[in-house]
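This report concerns only the one structure given below.
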Amino acid sequence: MNTSSTSDAGVVIAGGGQAGLQVAASLRQLGFAAPVTIVAAEDRLPYQRPPLSKTYIKSDAGFDSLLIRPESFYVKNDIAVRTGEAVAAIDRRGSTVTLDTGEQLAYRHLVLATGAANRVLPVEGVTLPGVHGLRTAADAEALRAAVHAAERLVIVGGGFIGLEVAAAVRSLGKEVVLVEAADRLMGRTVSRPVSAFFLDQHRGMGTDIRLQTALAAVIGEERAEGVLLADGSTIAADIVLIAAGVVPEDRLAREAGLATDNGIVVDSFMTTADPQIFAIGDCAVFESPFTDRPVRLESVQNAVDQAKSVAGRIVGGDEPYRSVPWFWSDQGPFKLQVVGLTAGADHVELGRLGEEGRLIAYCFRGDRLLGIETVNRPGEHMLGRRILAQDLKIARAEAARDDFDLKAHVASLSER
């Protein structure tokens, strides 16, 4: 759907994902009347990405099941969507963007919601047919078709995407071998005890997981036939999925002279060095009150909350972005939910739940609670969000007690 914009400058949003759509929707909810234009590189309306690695690749669901909003929503709210087009350059002096078609759009405010791209591994064979990435709906559809025709899949990368796909493909009865260069799974995002828990669960589901195992090449003549590992061994495969992380799409900002550092650098209002230009979502690096260093977060919560914050700023608000970070990952029957930024924890206390397949981990750095990781414990996850949002305290000694009850602890703090 390509809808022409008016000649009046309004808000141009570079990126047609969850963050970009949320800015547009929030602006209209707040009564913003000027033109709003989403420029979406994919030839599709904004859609949900989380299901791609979970339910979508193992089902026969159509693309419409992924849509965040139907086409009628954009018409009703007078939001122009330029699908199949991309912002190619920014002219800050002239307050215009040039699209890859050569057309120029004027803006009063520009929101960069350009997201991230799959990391390309510098090894031979990664461009062979049969080697897949997973970032877009088109990627998921190609992988889904290949999986149904295959017997064995090799996955390179033990992060959320690799593990979610592994669980989905194992449920179809296919062989899965997952190789991870680090010494544990999800090393950038969760604590060691939770990594160990998921290692056991995935092996229990039948996935062959090999840690401290680096990819040296994808092998094959006309298409992928397997992988060569750094130790010289090989694994035969019908298809290979590269799930080795992402890099932020910050080229536009960099070429426009805006600061970048593994993403587009913004302040607490998600504003770049140019007061007319914002950056949000996977491409933005920002200061968070929940960590002592700038961060770039890849989560739906972060994308949506930053989008709402920017919309409020555009209509005259003065509230900085301070949302509690949280995210989730569905891996087979196990729902991992994390509140806070826990990867830097130096001490973890595991709750004594006495229930197989369920887990709660309190993650500390020194005496400071960084966050809480749970598996199949949605109630405790919601309490964790409340704890961080209200800065309620949990002492390490309390979390270490065998009889520590999170719900009762929160209730007691609320009564004070």
Side-chain angles (χ1 to χ4, degrees), residues 11-24 37-50 52-53 68 81-92 96-101 105 107 109-122 126 132-140 157 159-161 188 242-267 270-274 276-286 294-307 309-310 321 327:
V11 174
V12 173
I13 302 163
Q18 186 104 38
L21 166 58
Q22 187 63 59
V23 173
T37 303
I38 298 173
V39 182
E42 291 183 65
D43 193 20
R44 306 181 189 230
L45 291 173
Y47 61 89
Q48 305 172 73
R49 294 188 191 276
L52 298 180
S53 54
I68 304 171
V81 185
R82 309 285 295 259
T83 59
E85 301 179 25
V87 174
I90 302 168
D91 177 1
R92 291 169 55 193
T96 62
V97 296
T98 301
L99 307 186
D100 55 4
T101 60
L105 299 177
Y107 64 81
H109 296 287
L110 173 63
V111 181
L112 300 176
T114 46
N118 286 336
R119 187 182 303 280
V120 177
L121 296 181
V126 292
H132 295 258
L134 183 54
R135 186 69 185 171
T136 67
D139 292 338
F160 283 3
I161 298 297
R188 293 190 308 112
I242 306 294
V246 300
V247 293
E249 292 278 23
D250 58 9
R251 177 192 62 81
L252 281 174
R254 188 170 59 252
E255 292 181 354
L258 299 173
T260 61
D261 183 9
N262 187 36
I264 305 168
V265 177
V266 295
D267 63 15
M270 312 313 298
T271 311
T272 67
D274 186 325
Q276 288 183 274
I277 303 177
F278 302 89
I280 58 174
D282 294 5
C283 68
V285 176
F286 64 101
V295 294
R296 184 178 62 80
L297 300 180
E298 302 155 14
S299 75
V300 171
Q301 169 273 322
N302 184 63
V304 169
D305 286 351
Q306 287 184 347
S309 177
V310 163
Y321 178 71
F327 46 95

To the nearest 0.5 angstrom, please state how far the CD atom of Glu85 sits from the CG atom of Asp43. 9.5 Å
Could you go through Asp250 and Arg296, starting from their C-alpha distance and side-chain angles, then the distance that decides it, and tell me whether this counts as salt bridge (charged side-chain N to carboxylate O under 4.0 Å, His left out)? CA-CA 12 Å; Asp250 58 9; Arg296 184 178 62 80; over 6 Å; no
With the side chain counted from C-beta on, respond yes when Ile90 and Leu112 share a heavy-atom pair under 4.5 Å apart, and no when they do not. yes
If I compare all heavy atoms of Glu249 with all of Thr114, which pair ends up nearest, and what's the gap? O-OG1, 2.7 Å
Gap between atom OG1 of Thr272 and atom CG of Leu110 - 0.5 Å precision: 8.5 Å
Less than 4.5 Å apart, side chain to side chain, heavy atoms only: is that true for Arg49 and Thr136? yes
Do Asp282 and Val246 make a side-chain contact, defined as non-hydrogen atoms from C-beta onward lying under 4.5 Å apart? no
Determine the minimum heavy-atom distance between Gly17 and Pro46, stating which atoms define it. O-CB, 4.1 Å
Exercise: identify the closest heavy-atom pair between Gly133 and Asp139: O-CB, 3.4 Å
Candidate pair Val39 and Val97, rule side chain to side chain contact (heavy atoms under 4.5 Å, CB included), full reasoning: CA-CA 10 Å; Val39 182; Val97 296; 5.8 Å; no
Tell me, with the steps shown, if Val310 and His109 meet side chain to side chain contact (heavy atoms under 4.5 Å, CB included). CA-CA 10 Å; Val310 163; His109 296 287; over 6 Å; no
Nearest heavy-atom approach of Arg251 to Ala88 is NH1-O, 3.4 Å
Would you confirm whether Tyr321, through its side chain, and Met270, through its main-chain N or O, come within 3.5 Å as a donor-acceptor pair? no
Please find the pair of heavy atoms, one from Ala253 and one from Thr260, that lie closest to each other, and give the distance. CB-CG2, 4.2 Å
Nearest 0.5 angstrom please: Asn118 CG to Ile242 CD1, how far? 9.5 Å
Taking every non-hydrogen atom, the tightest pair across Ile38 and Gly20: CD1-O, 4.1 Å
Taking Gln301 for the side chain and Phe327 for the main chain, is one N or O donor matched with an acceptor at less than 3.5 Å? no
Evaluation steps, side chain to side chain contact (heavy atoms under 4.5 Å, CB included), between Val87 and Leu99: CA-CA 4 Å; Val87 174; Leu99 307 186; 4.0 Å; yes
If you define the side chain from C-beta out and look only at heavy atoms, does anything of Ile277 sit under 4.5 Å from Tyr107? yes
Could you tell me whether the side chain of Val300 reaches within less than 4.5 Å of the side chain of Pro50, counting heavy atoms only? yes
Rounded to the nearest 0.5 Å, what separation is found between the CG atom of Leu21 and the CD1 atom of Ile68? 5.0 Å
Side chain to side chain, Leu297 and Phe286, heavy atoms closer than 4.5 Å: yes
Are any of the side-chain heavy atoms of Val266 and Phe278 separated by less than 4.5 Å? no
Gln22 CD to Ser309 OG distance, which is reported to the nearest 0.5 Å: 11.5 Å
Mind checking whether Glu42 and Thr83 have side chains closer than 4.5 Å, heavy atoms only? no
